[in-house]
Amino acid sequence: MEGAETKGDGDGVRPWQSYHTVYTTAKAGMEGVDKEKVQRVVYEMSKGSKYFQNEERKDAYIKQKIDNLRIQCAKLTQADLSNYQKVADRRIVELEASRDLSRIWLHVDMDAFYAAVETLSNPTLKGKPMAVGGMSMISTANYEARKFGVRAAMPGFIARKLCPELIFVPTDFKKYNHYSDLTRKVFRRYDPNFIAGSLDEAYLDITEVCKEKNVKSEEIAEELRASVYEETGLTCSAGVAPNRLLAKVCSDINKPNGQYILPNDRMALMTFISSLPIRKIGGIGKVTEQILKGVFGINTCEQMLEKSSYLCALFSQSTAGLGLGQTDSPQVRFRKSISNERTFSATEDEVLLHKRLAELAEILSIDMQREGLCGRTLTLKLKTASFEVRTRAVTLQKYISSSEDILKHAQKLLKAELPISVRLIGLRVSQFNGDKCSATFDPTQKTITNFISSGDVNRNCCNSSDVVADHDFVSNTETGLSIDSRQTSQLDWRDSVDANHLSDVDYQSFTVWKNDGVEEEQTSSNGAPSSNYSGFAEVLGSTSFQEQYEGINVKNGTNFLADERLNSCCQEKTMLWLNDYKCSLCGIELPPNFVEERLEHSDFHLAEKLQNEESRIHRTPFPTQSEGQKDVITGQSKSKKQKLSQKEYSCFDSLENKLD
DNA sequence: GCGGATCAC
DNA sequence: TATGGTGATCCGC
């Protein structure tokens, strides 16, 4: 690197240096790679393409964003910063206090999973650079290929340029599912309630196993990895830490075929987090990293702490967490939307586009009926020949699921965009209905859909009672949060988990949610399934509902997000700001200029008050909702808790959403 | 409720 | 020749 030349904006001596790809960021197996060369090749192969031009457009937009943030930053006065620093400090203290070091989590991550499985079924591939995928996209590359800079999500034709010997193997999910099942048999022995992240990842709570066997987590990790290898022939890596977020970070450290243990010790934790690059934290991606670096020069979590007052100032509720809290990751919930999309060679032929649209509508309808879903919002997605993405949506009075209905409305949406040259069309249905789709579904209609869906016309949401059951569930968790939904969800909720991504074993593993005592409380108090298993376990413990609620208040008092603002208008009067600074009800301090936070804070107290009233009425720690008020109450408590869980997932994750 | 954007796998 | 598909979430209207 020679200074001046390296900061070029594309017009310098080495234009490739300013082309931001995701392919050179530090990842397992990329250590010895000549990044400069990879960067250059990727740039050369991409330069001038429509894709490249779009990337440049997006990049310019991010640069603009960075500039704006810098300006805002410069406008902050010392007084502002001092106020924000107070808020930031308090949040840090609160999160510190809420940290739980009593659990031991293990994250397992299979090494180059698809590639490893393919090598297992074709040993001649051993030792040769190989990638699973095709010329347009690669899913996984083995470690031999990674030495050349070949990576997942890289187009195949670029990979071949980097590594002319590269062997391409098409994806075969049947195989991957099979081996995934084998690994999970092992996981289950260590934690019967393990949480499957994807085919090749899982989270295990090994606290009990360590106790029972009276061994260190390190030995459990070794033993588990040995078992996986023995029973599958595949290697994996493991990370052990007090929570899932950190466990996942740890499993990446000694990849492949290695492990890293982060002890449940405060100092060790702080040291570890301090030097951790922010990009390693789930939820911080390419863009957020770029912005934090560009605006504040932040690279590590420690630097986030140093800049906490600025982060609070610019991103409102943002960043107080800083990876210090209990946190936790994968949000496994019920499905909220169903979609499909296809890429093809760009065309503006309206007949062709219509044909594509009809095909998508057909497939989507089949998928929906297989899952017993009806929705009222339809979204059309288009990617233009220049890679610009557009979405157009309608929300209907009726709930739909038939291909005819979908196509009819999709066509209208598409028509409004014509003429247009597109390379991708997608359809998505959301806002699912629990109740009767019969209102819009005519069982007598003879559609291709009905025949294709395995001739099982009854297996749609209208005349199959078992499907109606989980239908109710989906609907109610989505909106109504009624008592019925809770009862249903306790029994059936896993049926509504996305079947496209999860195998049967996934369903199994997710029963943790309904079998766990915490989840019971969650569901009862929230009226919706928990979105965060361990986060809530750690925070809520086994306290009563009211205590839990106040606990959340203390920890999260200032962190309510803006989408409740609409409800806030008349609620300030439920409380007072003492000296225009301190909340009269809970004592939390919020400077007058924290307008949003104040509104949100008063929202919280209102919800709390309503909840208290409900508790009294029903004389039960987990109040059931009365018809009249349930929407308001559950709506409030639900949104608060979801935010809490998001907050805990990663203290950073809320940050990136504030960067616009 | 809509549309753009980001992220993870 | 050529840069994916599915689902979720958030923000600012």
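Proteins come first, then strands; the chains are lettered A, B, ... in the order of their sequence lines, and each starts at number 1. What you are looking at is a predicted structure, and each value in this text was computed from that prediction instead of being measured. Below, all heavy atoms of this structure are taken into account, side chains as well, without hydrogens, waters or symmetry copies.
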Does A:Ser339 have a side-chain nitrogen or oxygen under 4.0 Å from the phosphate oxygens OP1 or OP2 of C:dG7? yes
If the threshold is 4.0 Å, N to carboxylate O, is there a salt bridge linking A:Lys255 and A:Asp252? no
Out of C:dT6, C:dT9, C:dA2, whichever nucleotide has its closest atom nearest the side chain of A:Lys336: C:dT9
Could you please name the option among C:dG7, C:dA2, C:dG5 that lies closest to any side-chain atom of A:Thr343? C:dG5
Taking only the side-chain heavy atoms of A:Arg392 (C-beta and beyond), determine which of B:dC7, B:dG4, C:dT6 contains the nearest atom. B:dG4
It should be established whether A:Lys248 places a side-chain nitrogen or oxygen under 4.0 Å from OP1 or OP2 of nucleotide B:dC9. yes
A:Thr395 and A:Thr377 side chains, donor-acceptor separation under 3.5 Å: yes
Using a 4.0 Å heavy-atom cut-off across all strands, classify A:Lys58 as base, sugar-phosphate, or nothing. nothing
Side-chain N or O of A:Ser139 closer than 4.0 Å to phosphate OP1/OP2 of C:dG4: no
How is A:Ser345 classified with respect to the nucleic acid when contacts are heavy atoms under 4.0 Å: base, sugar-phosphate, or nothing? nothing
Would you kindly give the CD1-to-P distance between A:Ile281 and B:dA8, to the nearest whole Å? 11 Å
Would you indicate, yes or no, if C:dA8 has its OP1 or OP2 atom less than 4.0 angstrom from a side-chain nitrogen or oxygen of A:Ser337? yes
Separation of B:dT6 P from A:Lys286 NZ (nearest whole Å): 9 Å
With distance as the sole test, does A:Tyr179 use its side chain to make a donor-acceptor pair with the main-chain N or O of A:Tyr114 at under 3.5 Å? no
Quick one: label A:Tyr23 by what it contacts on the DNA or RNA (base, sugar-phosphate, nothing), any heavy atom closer than 4.0 Å. base
Spacing between A:Leu373 atom CG and C:dT6 atom C1', to the nearest angstrom: 14 Å
Pairing donors with acceptors under 3.5 angstrom, does anything connect the side chains of A:Ser386 and A:Asn54? no
Quick check for you: among B:dG4, C:dA8, B:dG1, whose closest atom lies nearest to any side-chain atom of A:Arg390? B:dG4
The side chain of A:Arg428 lies closest to which of these nucleotides: C:dT6, B:dT6, C:dG7? C:dG7
Among B:dC9, B:dG1, C:dA8, which nucleotide sits nearest the side chain of A:Glu201? B:dC9
Let me know the distance between NZ of A:Lys280 and P of B:dC7, rounded to the nearest Å. 16 Å
So, does A:Asn142 use its side chain to make a donor-acceptor pair with the main chain of A:Met130 at under 3.5 Å? yes
Tell me which residues in residues 157-173 of chain A lie within less than 4.0 Å of DNA chain B, going by non-hydrogen atoms. none
Can a salt bridge be assigned to the pair A:Lys161 and A:Glu44 using a cut-off of 4.0 Å between side-chain N and carboxylate O? no
Interatomic distance, A:Asp59 CG vs B:dA5 P [rounded to whole Å]: 13 Å
Candidates C:dT6, B:dT6, B:dC9 - which lies nearest the side chain of A:Lys381: C:dT6
As an exercise, state the distance from CZ of A:Arg40 to CD of A:Gln17, rounded to the nearest 0.5 Å. 10.5 Å
Which residue lies toward the 5' end of DNA chain B, A:Arg376 or A:Asp200, if each is placed at its nearest nucleotide? A:Arg376
Nearest of B:dC9, B:dG4, B:dC2 to any side-chain atom of A:Thr395? B:dC2
Parallel, tilted or perpendicular, as decided by the 30° and 60° cut-offs, for the rings of A:His107 and A:Tyr203: tilted
Compare the minimum distances between each of B:dA8, B:dC7, C:dG5 and the side chain of A:Arg279, then state the nucleotide with the smallest one. B:dA8
Under a 3.5 Å threshold, yes or no: a donor from one side chain and an acceptor from the other, between A:Glu55 and A:His20? no
Closest to the A:Leu424 side chain: C:dA8, B:dG3, C:dG5? C:dG5
What integer distance in Å separates A:Arg335:CZ from C:dT6:P? 10 Å
